*Asks:* 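My questions will all concern the structure given below.
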Amino acid sequence: MDRNSEQLNGLRDDILREIANIGAGHAAYALSALLGRPVVQSVPQVRFVPLQELAQTLGGAEKLVAAGLLSLSGDFSGCLLMVLDFAQAEKMISLVKGSPADRGEDGSELFGFSAMDESVLSETVNIMGGAYLTAISEFTGLTAVQSVPFLCVDMVGAVISVPAAESGKTGDYAVLFQSELFNDTERIMGDLFLIPNAGSCDLLLKALGFFP
Amino acid sequence: MTQNRYSVDIAMMKLARPPDQLMCLGLGSCVGVAVYDLTAGLGGLIHVLLPSIEEFHQAGNSRTKFADSGITDLLQALLGAGAVKTRLRAKIAGGAAMFAAENAFPGNTVGKRNVQSCLDTLSRLGVDLAAQDTGGTKGRTIIFDVATGKMTVRMIDRSEKII
């Protein structure tokens, strides 16, 4: 690779990171408004991850997580995925509704979460996703609509297989826009991922005047 | 002899001989396909992501990413390593619809289509299916024991199951 194209790729990565930065920044702000306490985001990473390494990137295939997914369609497509450690999901539920998450035997199919807790989690994903998407729509001029939120509690490898299948249709890697969210005690709350479908990454770049 | 356990990640294929074991961790919509010849002491496992290579010609280089081309390649590899075709048996697990309602959004049906393509391909190639644990809405971890042909299936909220 010559020096010129290296610089171009550096620019491309900067633009992609800025998209993640703006999206996740708004999502973190929305979450902090919802929780009534500060939530900050890490410097986002945009990575091209080989499919084989996806689960490892997310902390090992068997890690138990709660995940919320929004399917995106419109000028660009893909999905937004929020991945929380199981304990963090319980904590987020209790912060939003102001009382502990109740997981009883009579809970829903979502690993014992009550219907109320499930709604809380869904709505949190919905609000954060909406903020993320609105921000990148304003930034790029491209619009996409989000589906209703879908939840699951399972091994992270199993969760990621759904977006991985979409990415796998066009290549052997997935593009991950990853932002970590922290609360005031510096503990990680969760990861927010934008995973664009094939071609959508290029569309976002083109909308910002960068022709890959 | 020490027993080793090898992980087979998305779009990978591995062959092994006893006493080794092969495993797929956290299968969601993906399907783990084990094909084995007990007499020859040989088995292989693939981790399938998508149903058919026919649908996606521009999808990179990996043939083992797809059920149809992956199983075909697995069979060839086993036969090349000394397995006998008439003795081959298969076990499959995975193919869940991870996010609730199967038709909730495009992409959530991929598990079901993966399973169907595996069954079709095995039947077309004349390999008997010995057992399967597929569908549902939960992820699975599978451990395949080459010596016995037994597949252990773990889920987060179900006790271990051996097929």
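Sequence lines set the chain letters: A, B, ... in the order given, protein chains first and strands last, and positions in each chain run from 1. Side-chain atoms are counted along with the backbone in the values below, which use heavy atoms only and exclude waters and symmetry mates. Predicted model only: the values in this text are computed from it and were never measured.
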*Asks:* Take atom NZ in B:Lys150; do more than 12 heavy atoms of anything else shown fall under 6.0 Å from it?
*Replies:*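 12 or below, so no.
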*Asks:* Might you confirm whether atom OH of A:Tyr29 has over 12 heavy atoms from other residues, nucleotides or ligands at distances under 6.0 Å?
*Replies:*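 Check fails, neighbour count at 12 or below.
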*Asks:* Any non-hydrogen side-chain atom of A:Leu151 less than 4.5 Å from a side-chain atom of B:Phe99?
*Replies:*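 A side-chain contact under 4.5 Å is absent here.
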*Asks:* For a side-chain contact (heavy atoms from CB on, under 4.5 Å) with A:Lys169, tell me which candidate from B:Val110, B:Leu50, B:Leu49 qualifies.
*Replies:*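 For A:Lys169, the side-chain contact (heavy atoms from CB on, under 4.5 Å) check succeeds only for B:Leu50.
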*Asks:* If you measure from CG on A:Asp154 to CD1 on B:Ile156, what distance do you get to the nearest 0.5 Å?
*Replies:*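 Taking CG in A:Asp154 and CD1 in B:Ile156, the distance rounds to 4.0 Å.
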*Asks:* To the nearest 0.5 Å, what is the distance between CD (A:Gln56) and CG (B:Asp9)?
*Replies:*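 So the CD of A:Gln56 and the CG of B:Asp9 are separated by 7.5 Å.
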*Asks:* Does any heavy atom of chain A fall under 4.5 Å from the side chain of B:Leu27, the backbone, both, or neither of them?
*Replies:*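 Contact with chain A is through the backbone of B:Leu27 alone.
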*Asks:* Using atom types as modelled and distance alone, determine if a side-chain donor or acceptor of B:Lys138 lies under 3.5 Å from a backbone N or O of A:Val153.
*Replies:*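 Yes, the answer is positive, given that a donor and an acceptor are paired below the 3.5 Å cut-off.
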*Asks:* Which of the residues A:Ala158, A:Gly60, A:Gly157, A:Cys79 is involved in the greatest number of heavy-atom pairs with chain B at under 4.5 angstrom?
*Replies:*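 Most heavy-atom pairs within the cutoff with chain B belong to A:Ala158.
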*Asks:* B:Leu25 versus A:Met155: any side-chain heavy-atom pair under 4.5 Å?
*Replies:*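 With C-beta onward as the side chain, the pair stays apart.
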*Asks:* So for A:Ala55, is it side chain, backbone, both, or neither that comes closer than 4.5 Å to the heavy atoms of chain B?
*Replies:*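 Neither part.
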*Asks:* Is it the side chain or the backbone of B:Arg140 that comes within 4.5 Å of chain A heavy atoms, both, or neither?
*Replies:*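 It is the backbone, since no side chain atom gets that close.
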*Asks:* Roughly how far, to the nearest 0.5 Å, is the CD atom of A:Gln52 from the OG atom of B:Ser7?
*Replies:*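 B:Ser7 OG to A:Gln52 CD: 11.0 Å, rounded to 0.5 Å.
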